[in-house]
Number of protein chains: 2
Amino acid sequence: RIALPVYASDALSSAAYAPDEILLTLALAGVTAVTLSPWVGLAVIVVLLTVVASYRQNVHAYPSGGGDYEIASANLGKPAGLTVASALLVDYVLTVAVSMSSASHYLVTAVPALNGQQAPIAAVGVAVLVLVNLRGIREAGAVFALPTYLFMASVLGMCAIGAFQAATGNLADAPSAGFDLVPESGLDSGLVGLAGAFLLLRAFSSGAAALTGVEAISNGVPNFRKPKSTNAASTLLLLGVFSATMLAGILALASATRVRVVQDPATQLTRDGVPVGPDYVQHPVISQLAETVFGDGSIAFFVVVAATGLILVFASNTAFNGFPVLASILAKDGFLPRQMRTRGDRLAFSNGIISLGVGALALIIIFDADVTRLIQLYIVGVFVSFTISQLGMIRHWTAKLGTERSRENRHRMQRSRVINAVGFGMTALVLLIVLVTKFTHGAWIALLAMGGLYLLMFTIRSHYDSVARELAVDDGVQGLALPSRVNAVILVSKVHKPALRALAYARASRPNSLNAIIVDIDTEDTRRVMEEWDRLQIPVPLTVLSSPYRETVSPVLAYLREARRTGPRELFVVYIPEYVVGRWWEQLVHNQTALRMKARLHFEPGIMIASVPWQLASSRDSNATPTPGSGL
Amino acid sequence: RIALPVYASDALSSAAYAPDEILLTLALAGVTAVTLSPWVGLAVIVVLLTVVASYRQNVHAYPSGGGDYEIASANLGKPAGLTVASALLVDYVLTVAVSMSSASHYLVTAVPALNGQQAPIAAVGVAVLVLVNLRGIREAGAVFALPTYLFMASVLGMCAIGAFQAATGNLADAPSAGFDLVPESGLDSGLVGLAGAFLLLRAFSSGAAALTGVEAISNGVPNFRKPKSTNAASTLLLLGVFSATMLAGILALASATRVRVVQDPATQLTRDGVPVGPDYVQHPVISQLAETVFGDGSIAFFVVVAATGLILVFASNTAFNGFPVLASILAKDGFLPRQMRTRGDRLAFSNGIISLGVGALALIIIFDADVTRLIQLYIVGVFVSFTISQLGMIRHWTAKLGTERSRENRHRMQRSRVINAVGFGMTALVLLIVLVTKFTHGAWIALLAMGGLYLLMFTIRSHYDSVARELAVDDGVQGLALPSRVNAVILVSKVHKPALRALAYARASRPNSLNAIIVDIDTEDTRRVMEEWDRLQIPVPLTVLSSPYRETVSPVLAYLREARRTGPRELFVVYIPEYVVGRWWEQLVHNQTALRMKARLHFEPGIMIASVPWQLASSRDSNATPTPGSGL
Ligand SMILES: [K+]
Ligand SMILES: [K+]
Ligand SMILES: [K+]
Ligand SMILES: [K+]
Ligand SMILES: [K+]
Ligand SMILES: [K+]
């Protein structure tokens, strides 16, 4: 069986915004330039099908999954792997940001009263996805299948009906067809000269947004049914064909109905020479087409818009599945904090979900849910991973060919290598075009984010490596050398049950020496403790440490350091009586001195910290949150 | 010497807003009603001088300081003390909120371009005061003396010059004198009937804002030079006289120049029947008087406005000195968390400063720096403490009279008791008027806050009491009973130096039994640890605990509970190998399993937790922040 629906939403949903990007970029050079949109779309489709063909080789070569990060790491080394990882992390965050922003614009199409609230809506949507995914959802195929098929059926159906209307001469003009476009200064004469060529390339690289999501399949191979590679490859092919068909259909219909979309309607759209002004609400291309073909407010219109919004939400959701898995793999390789390594426990997965949600929220807020501006960042990440991954595949086949003897296999591998090489050349070219035409439009932000992530992951790994080196058991038995003496030191602040228990435990471990100490913060309090000590005839000497600055930790440190000077090979065990309360607010009102003391003592060599807890009644409440308190 | 300048700013600064409150309340009944303002001011001055006379008895009776909280607690019991404490805490927060809000309005008078930004300015001012006080300021008398004397000199000077101008017929009308007042519906015919009487009482209770700050002296007695009581009493008298003179002078001059201030200029002020509209910026009374007497933009005008703004900032600052002291006293008595108890350490003081700042910031933001609305809350807190404190003093003298034999002393005490009784009667009456006339205008919020604080402090004290009862050493030696056996359990996750050190420490303490355990989270990792264990021939048995849910803490808990079932009187010492990194971000990337493990183990009876730290090189960096890491 082919798992199209589950993994397809990310890739298919790109049809919800990619056509818009082509049209609104061309619109900068006026109405005539927009008529070139089908040709730009064709170029995008060629790249799309090439990338799909290329990725079919990937999933055959790496049926175990792992995706672009594994391919790059295995064939091109760690730096390439880390680069792809950075690109993919950025990609996931932007998948959520772009998809939810676009979805909020489709929602506004159906409910115009919400206009202007796109960013808050997208933000709330992300928050809901985070909560839903934190709770955990059973991935039921049927739930994923419905919006995927609904989206494909409604968009392709709309294109077919539109084509029929056109053939019978019944296709209406889009509501926006009557607008004139104000070209950008320098592009008044259309797509001519260097500026025109540059804009054409920009439109093409904007259209490359149609490819986003293809990489999601290759990272999801392990989840396919067996035979995994075959299923994944077939899914990819189907996906490519459907994506291409939808893109072509939408662009053709948009051309036929003369849909006008621009980046800033207030200044770029005019009717009879008068700007439409700030009150005009521009709908996405699919919405405008549904309006034109089915009529505004018709049921079919709402079905198309709803299906598009829904597939965008599902596309975001796939990122919430993919991101924690990638983060876990990176954490396992030591590039991300260990807390992100999922070993089946919910906690680690949660860290990934929350990180992704926070990242996407930040982007939505910073970019005010502006799909066009977010897409500039999105495409860079996607094409970096495309390009490096294909380069890795070339190296992969070359290495394999070095050992493979079977003629038939060699033939197959050479063929795969050619496909990947074409894919590499194509994606590298597109990446170059994207970088050149989009650098100042936001691509630099994506590169900066990737660079930052790269540096972060590199630093974390270096840290782990250096810790592991330092902790390694180099010369076997040395670490086992026993201390020459064990000295017990009991910290006392009051004569209460925790302190007496600490004394008992210390005595039970029969140390070579046994001393109690009290820091003299409040003379009155100290005097009372000493009296109690005598009255109870506690058989342990009590030393008073003076504290000129009324501070608890430093006098204890000074005492221990002085004691250690006389016996550097001796062990000092510091007993800390603590009491444990049950509720969080109870913890708040207890002094945190024990916590600070323990934290500081961790930095002193030759010292072991022994916490002696006394459980108060409230700590035994079954519904209490466990919170350790402090008895100092 | 009399310490007037240092403690005077809080009380004197009330002249910056109290006259405005009288005038704008009367303005609700039209222009004729406003002419009654000097009489209302006179009533306020009578109360002010009575309260001052009353408080002079307080400082004589309690020269050691302690203030209203101590007086109420000592003479009327804990509930009365707690009520006063709640009122004083609210009072401090409102001193800051009101003074900084008022100061920001005076700033806008001098720099009109800042109009509309009063709340942000006040908020920034509070933030700056918090930072300055966190850093700590040496209280130099001269610094405090300057604004106090400047304020008194400039305001009284202004009144004198205004009086001279009036006498010579040169006193101009205030710029706002030309406005007509729109009376509130029901008060169109001026101060007649029940509504009129009620408004007069409201104006009087608004004017009671002039008394805020008098209580600050009685809480600051310990800081006076010797003889403390005499100096404090003289200061109080001076303060009362100056406050009364300024209030009288300002109201008289405002009457003579026909200053118009209202609560909402846009709707309540008209010129020739036309509302002034939202663009009119209303200046405080002192500003308007300075403008009238000296001329707008004159140097003298700026001096008066600057002196007023400055004294308001200094008044706020006194609250930052007083609040942490009161919080510390309350913490010592167990009513606030121990962290607020200052024993000379900066940290506890900081908690008080930050709490006060956060409270004042919240009020400024919620009430948009609206002085009039904030004052409704302020007066309640001040008069609650006035009233209860005077009642306490009556009881104090009655108790003293019960034992005093000397005729002369008895005479003095009876005289003091009469004064305090008059003070009590007067403040109780004002409190009643305030509650009746202001309840719906915001007084209920102050009462709610006081109730909340009362409940909070009561709950905290109950908690401390119950913990102390539970921990008390009731039957002496029982707590010293030694455990019958000591069993060492070492938690292992890797074979590295921290684990070997934990083993060595455990063996050095010669327990009755010694076991190492590892939780099998990752089969591969566990196998490696076991191989290393064998290779190094570590002479301690290693037990593998299975973990079906890949969770670390529960299997260890289950193991320990099972072990404790066989020996309930035995002690189990759990050794936790930890490594210590130096930088905070390093800590972030290490798994927090050890922390979670220790936190959870605190809740298990019969268990002692032994942390065995291994200091990594980075932890020995001198400039590193000490942060304990985890080796699990
Ligand atoms: K696609
Ligand atoms: K994607
Ligand atoms: K996508
Ligand atoms: K005053
Ligand atoms: K005050
Ligand atoms: K005041």
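Below, chains carry the letters A, B, ... as their sequence lines are ordered, and counting in each starts from 1. All values below were derived from every heavy atom in this structure, side-chain atoms included, with hydrogens, water molecules and symmetry-related copies excluded.
Contact of the B:Val573 side chain with the A:Ser509 side chain is not registered, since no non-hydrogen atoms from C-beta on lie closer than 4.5 Å. Side-chain atoms of B:Val581 and A:His463, non-hydrogen and from C-beta on, do get closer than 4.5 Å to each other.
For CZ of B:Arg569, the number of neighbouring non-hydrogen atoms (other residues, nucleotides, ligands) closer than 6.0 Å is 12 at most.
The distance from the CG atom of A:Leu571 to the CZ atom of B:Arg501 is 9.5 Å, given to the nearest 0.5 Å. Interatomic distance, CG of A:Leu482 versus CZ of B:Arg507, reported as 5.0 Å (0.5 Å rounding). A:Ser611 contributes atom OG, which lies 12.5 Å from atom CD1 of B:Ile607 (distance to the nearest 0.5 angstrom). One distance of note links OH of A:Tyr575 with CE of B:Met608; it measures 4.0 Å at 0.5 Å rounding.
Smallest separation of non-hydrogen atoms from A:Leu471 and B:Tyr579: CD1-CD2, 3.3 Å. Residues B:Tyr505 and A:Gly606 share a closest heavy-atom pair of OH-CA, 3.8 Å. Across all their heavy atoms, B:Gln615 and A:His602 have their closest contact at NE2-O, 2.6 Å. Here the shortest heavy-atom pairing between B:Ala508 and A:Val486 reads O-CG2, 3.7 Å.
Both the backbone and the side chain of A:Pro605 come within contact range of chain B, judged by heavy atoms closer than 4.5 Å. Contact of A:Leu616 with chain B is made through backbone and side chain together, with heavy-atom distances under 4.5 Å.
The most heavy-atom pairs under 4.5 Å with chain A, out of B:Glu604, B:Arg535, B:Arg510, come from B:Glu604.
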